[in-house]
Novice: 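I'd like to ask you about the structure that follows.
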Amino acid sequence: MERRRHIADCERDAYLARVEAMEPADLAEIDDEGIVGVYNLCVQLVHAAMQGRPDGYWTGDKAEALRDHVLTEIERRGIPISDYPFIRAWGAFLHSMQYYIDDEVRRARADGAPQRAIYRSAVSGIWHTIDEVSDPNTVRALGAWLIARGIDPDEVR
């Protein structure tokens, strides 16, 4: 398991390094889901560095620079990165892999889930929302994650 994680980290780092080297015009070759995935990886790396856990080469400054590089392309395309922000926050809170979080957001879009959804029950198929979370510490942690990304949790409807 540890070896697999190491290989995945190396593949991720190689991919991010290729994106980092791209000129802004070359970012057009990455599809919308891919560019948002790179952005979300950068957000996770910035967050880790802010908590004193920089990830090798991807220090806070490096990750922020790449995030900003990619964000310019996202804004140019008009891609909504705040789509289903609580699912993204919940995934980060649980340390889920980015591909899993992206899949959950795609499923939420397809199902027409509420924007305040955090996860879909595998048993019932019902989307549960942040409003159903009873632990105030969890609610605060998810809200703080969103605020750190410039999203007001109270504005998500």
Novice: Is a side-chain donor or acceptor of Thr138 paired with a backbone partner of Ser134 at a separation under 3.5 angstrom?
Specialist: no
Novice: Between Ile118 and Glu132, does the side-chain contact (heavy atoms from CB on, under 4.5 Å) criterion hold? Intermediate values first, please.
Specialist: CA-CA 10 Å; Ile118 53 174; Glu132 298 171 58; over 6 Å; no
Novice: Which pair of heavy atoms, one from Arg67 and one from Tyr39, lies closest together, and at what distance?
Specialist: CG-CE1, 3.4 Å
Novice: Would Arg76 and Leu27 count as a side-chain contact (heavy atoms from CB on, under 4.5 Å) here? Give the steps.
Specialist: CA-CA 11 Å; Arg76 185 190 70 74; Leu27 292 174; over 6 Å; no
Novice: If you compare all heavy atoms of Cys42 against all heavy atoms of Ala63, which two are closest, and at what distance to 0.1 Å?
Specialist: CB-O, 3.9 Å
Novice: I would like to know whether Arg107 and Trp127 meet side-chain contact (heavy atoms from CB on, under 4.5 Å); could you show each step before the answer?
Specialist: CA-CA 10 Å; Arg107 179 180 292 169; Trp127 283 96; 3.8 Å; yes
Novice: Could you check whether any side-chain heavy atom of Glu73 comes within less than 4.5 Å of a side-chain heavy atom of Pro24, counting everything from C-beta outward?
Specialist: no
Novice: Is there a continuous path of hydrophobic side-chain contacts, each under 4.5 Å between heavy atoms, that joins Ile74 to Tyr15?
Specialist: yes
Novice: Grab the two heavy atoms, one from His69 and one from Glu23, that are nearest each other, plus how far apart they are.
Specialist: CE1-C, 4.4 Å
Novice: With rounding to the nearest 0.5 Å, note down the distance linking CD1 in Ile87 to OG1 in Thr129.
Specialist: 11.0 Å
Novice: Nearest 0.5 Å, what's the CD1-CZ distance between Ile30 and Arg18?
Specialist: 9.0 Å
Novice: Can you list the residues that meet the side-chain hydrogen bond (donor to acceptor under 3.5 Å, both in side chains) rule with Asp154, with sequence neighbours excluded?
Specialist: none
Novice: To the nearest 0.5 Å, what is the distance between CD (Glu104) and CG (Asp111)?
Specialist: 9.5 Å
Novice: Minimum heavy-atom separation for Ala92 and Ile101, please, with both atom names.
Specialist: N-CD1, 3.9 Å
Novice: What I'd like to find out is whether the side chain of Trp145 reaches to under 4.5 Å of the side chain of Arg88, using heavy atoms alone.
Specialist: yes
Novice: With sequence neighbours left out, what residues match Asp131 under salt bridge (charged side-chain N to carboxylate O under 4.0 Å, His left out)?
Specialist: Arg116
Novice: Is it the case that one hydrophobic cluster holds both Tyr119 and Val139, taking links as side-chain heavy atoms less than 4.5 Å apart, direct or via other members?
Specialist: yes
Novice: Give me the atom names and distance for the closest heavy-atom approach of Ala28 to Arg77.
Specialist: CA-NH2, 3.6 Å
Novice: Kindly indicate, with the supporting measurements, whether the criterion side-chain contact (heavy atoms from CB on, under 4.5 Å) is fulfilled by Phe86 and Leu146.
Specialist: CA-CA 8 Å; Phe86 284 103; Leu146 293 175; 3.3 Å; yes
Novice: If every non-hydrogen atom of Ala113 is compared with every non-hydrogen atom of Ala117, which pair is closest and at what distance?
Specialist: CB-CB, 4.2 Å
Novice: First locate atom CE of Met22, then atom CG of Leu66, and finally report the distance between them rounded to the nearest 0.5 Å.
Specialist: 10.5 Å
